[in-house]
Amino acid sequence: MAEEKCKQLYIIDGHSHIYAAYYAPMRQNLTSPAGEPTKATYIFTTIILGLIERKKPDMLIVAMDSKAPSFRTKIYADYKAHRPPMPDDLPPQIARIDTILDAMRIPVLRVDGYEADDLIGTIAAKAAADGNNVYICSKDKDMLQLINDNICTYDIQNDICTDEAGMIERIGVRPDQFIDVLALQGDTSDNVPGVPDVGPKTALGWIKEYGSLENLYAHADQITGKRGDNLRENEKMAYLSKELVTIDRDAPVDIDYKQFTYTGPDKAKLAKLFTELGFTRLITQLGLSSETVEEKIEVEKIGEPASLKTMKHDYKLIDTTEKFEWFLAELNKQKIFAVDTETTSINAMRAELVGISFSWK
């Protein structure tokens, strides 16, 4: 990426990160005080907050899929046709995420008939051409085709940026060639057919050797065995697959750099939402408080909350075997107790556990 003093635009692949948050390993699902499922909402929110804290982006947006069918279904009716419906508890969380992003003043972009990939491709190409550095936040391999001198893919969880040089070093083909690799291997998750019996390794090897899908078919008679027969017999399917996997970089999406500029959250709205959802740790970490909330919670119904100033407290650090044995014996006597965790990060995907707190008073 260029080292010039240009704007940095981070584009979040919304549904990709939401699904990753939803299926992230966790022993117990999170819920709000009202019983609303919040696991995906909480993890996604911490991912965004962690990105803002670490990278301090000039511009930040989230691209989402539309509920309307993609234009690709007109090209191939079976495109994504086999995907199971979204889990029942996920749509309400996506709606909550939309509300949180609105409170954070981060634009969410959707366009009927186009997938998030197409919005990302269109915005990234235009922003890069205008001299901005673009970071596509996604692990989706399809995004590699968008990389150029001013566009890289960024893995938020592992803090890894992949530019064109890194891509060529890692997999051996250019971004434009990678489209042909995808066309040959197909994609079972999207129901892109590809060429039968051709996997990622074979597809990559062919494109490395022949340079392009067109040149591969110009020399298709050189490919022997069953895979060679499949290649020749499925030429139309290979080119259809290429059309399906190619990201549209001319989607009808409004590009407004002023709107994309990150200016910080609406603290009142965000504090109110986090309070409703029970995200107390995020309220503390962002420096929000009850005074920030436009409509304060009616604390008189439950009485004034306890604090260090109003309650006697006695903390004990358990850092020896003897202390642990005492602690375990005391814990075994309790009928009810509270647990809290201390971690290295507010980003749930990167955090490591460093301590656990117990209280039975």
Side-chain angles (χ1 to χ4, degrees), residues 11-20 22-23 63-87 90 111 113-122 124-125 136-147 151 153-155 162 167 170-208 210-214 216-217 220 223 226-227 230-249 251:
I11 308 176
I12 310 293
D13 184 351
H15 278 97
S16 173
H17 282 90
I18 290 172
Y19 268 91
Y22 183 82
Y23 289 107
M64 295 277 206
D65 292 330
S66 166
K67 292 181 180 179
S70 162
F71 70 87
R72 292 176 177 84
T73 59
K74 296 178 181 178
I75 301 170
Y76 185 59
D78 289 334
Y79 179 72
K80 291 189 176 181
H82 69 306
R83 282 196 173 185
M86 188 178 291
L90 188 51
V111 176
Y114 292 84
E115 298 176 62
D117 292 11
D118 303 311
L119 309 187
I120 292 170
T122 300
I136 299 173
C137 302
S138 177
K139 289 185 178 181
D140 187 347
K141 62 183 182 302
D142 293 359
M143 297 297 176
L144 295 175
Q145 64 185 270
L146 299 173
I147 291 174
I151 301 173
T153 60
Y154 178 62
D155 180 344
T162 301
M167 176 181 174
R170 180 161 61 90
I171 63 178
V173 296
R174 302 186 308 271
D176 61 297
Q177 292 176 307
F178 193 65
I179 299 175
D180 293 343
V181 175
L182 295 173
L184 288 166
Q185 72 183 49
D187 189 337
T188 54
S189 65
D190 290 344
N191 214 29
V192 175
V195 175
D197 198 33
V198 173
K201 185 176 180 180
T202 299
L204 185 60
W206 282 349
I207 297 304
K208 281 182 178 180
Y210 293 97
S212 68
L213 189 65
E214 291 75 14
L216 172 63
Y217 271 105
I223 309 298
K226 181 62 176 176
R227 286 198 178 98
N230 287 341
L231 177 66
R232 289 181 286 273
E233 292 168 5
N234 290 276
E235 182 174 357
K236 288 184 178 180
M237 196 60 76
Y239 281 103
L240 170 66
S241 297
K242 181 172 181 175
E243 193 173 359
L244 292 174
V245 300
T246 299
I247 293 174
D248 189 340
R249 305 182 200 191

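Atom set for the values below is all heavy atoms of this structure, side chains included, hydrogens, waters and symmetry mates excluded. Note that the structure is a prediction, hence the values are computed from the model and not measured. Nothing fancy with the numbering, it's 1 onward along the sequence.
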Novice: So Q185 and L204, do their side chains get closer than 4.5 Å, heavy atoms only?
Specialist: no

Novice: Measuring from Q145:CD to M167:CE, what's the distance to the nearest 0.5 Å?
Specialist: 9.0 Å

Novice: With side chain to side chain contact (heavy atoms under 4.5 Å, CB included) as the test, would you mind laying out the steps for L182 and D187 before giving the verdict?
Specialist: CA-CA 7 Å; L182 295 173; D187 189 337; over 6 Å; no

Novice: Within the distance-only criterion (no hydrogens, no angle test), does the side chain of Q177 pair as donor or acceptor with the backbone N or O of G211 below 3.5 angstrom?
Specialist: yes

Novice: Measure across A63 and L119 and return the closest heavy-atom pair with its distance rounded to 0.1 Å.
Specialist: CB-CB, 4.4 Å

Novice: Can you tell me how far CE of M143 sits from CD1 of I11, rounded to the nearest 0.5 angstrom?
Specialist: 9.0 Å

Novice: Identify the heavy atoms of D65 and H15 that sit nearest to each other, and give their distance.
Specialist: N-ND1, 3.1 Å

Novice: How about F178 and K141: do any of their side-chain heavy atoms sit closer than 4.5 Å?
Specialist: yes

Novice: From T162 OG1 over to R170 CZ, what is the distance, rounded to the nearest 0.5 angstrom?
Specialist: 5.0 Å

Novice: Heavy atoms, side chains only, cut-off 4.5 Å: are V198 and L231 in contact?
Specialist: no

Novice: Quick one, I136 and L146 - any side-chain contact, counting heavy atoms below 4.5 Å?
Specialist: yes

Novice: Between the main-chain N or O of V192 and the side-chain N or O of D190, is there a donor-acceptor pair closer than 3.5 Å?
Specialist: no

Novice: Identify the two heavy atoms, one from T122 and one from R249, that lie closest to each other, and give their separation to 0.1 Å.
Specialist: OG1-C, 3.1 Å

Novice: Would you indicate whether the side-chain heavy atoms of C137 and H17 approach each other to under 4.5 Å?
Specialist: yes

Novice: As an exercise, state the distance from CG of D180 to CD of E214, rounded to the nearest 0.5 Å.
Specialist: 5.5 Å

Novice: Rounded to the nearest 0.5 Å, what's the gap from CD1 on I12 to CE on M64? Could you check?
Specialist: 10.5 Å

Novice: Within a strict 4.5 Å, meaning less than it, do heavy atoms of the T202 and V195 side chains meet?
Specialist: no

Novice: Is any side-chain heavy atom of I120 closer than 4.5 Å to a side-chain heavy atom of I247?
Specialist: no

Novice: When you compare the side chain of L184 with that of L216, does any pair of heavy atoms fall below 4.5 Å?
Specialist: yes

Novice: Looking at CG of D197 and CZ of R227, how far apart are the two atoms once the value is rounded to the nearest 0.5 Å?
Specialist: 4.5 Å

Novice: Applying the ring-ring contact (aromatic ring centres under 6.0 Å, His included) test to Y217, which of Y239, W206, Y210 qualifies?
Specialist: Y239

Novice: Restricting to non-hydrogen atoms, name the atom on S241 and the atom on A183 that form the minimum distance, rounded to 0.1 Å.
Specialist: CB-O, 3.4 Å

Novice: So which atom in A125 and which in I151 form the shortest heavy-atom distance, rounded to 0.1 Å?
Specialist: N-CD1, 4.1 Å

Novice: Quick one: which of D118, D78, D117 gives a salt bridge (Lys or Arg N to Asp or Glu O under 4.0 Å) with R72?
Specialist: D118

Novice: Classify the angle between the aromatic ring planes of Y19 and Y23 as parallel (below 30°), tilted (30 to 60°) or perpendicular (above 60°).
Specialist: parallel

Novice: E243 side chain to L240 main-chain N or O, any donor-acceptor pair under 3.5 Å?
Specialist: no

Novice: State, to 0.1 Å, how close R232 and I223 come at their nearest heavy-atom pair, and which atoms those are.
Specialist: NH1-O, 2.9 Å

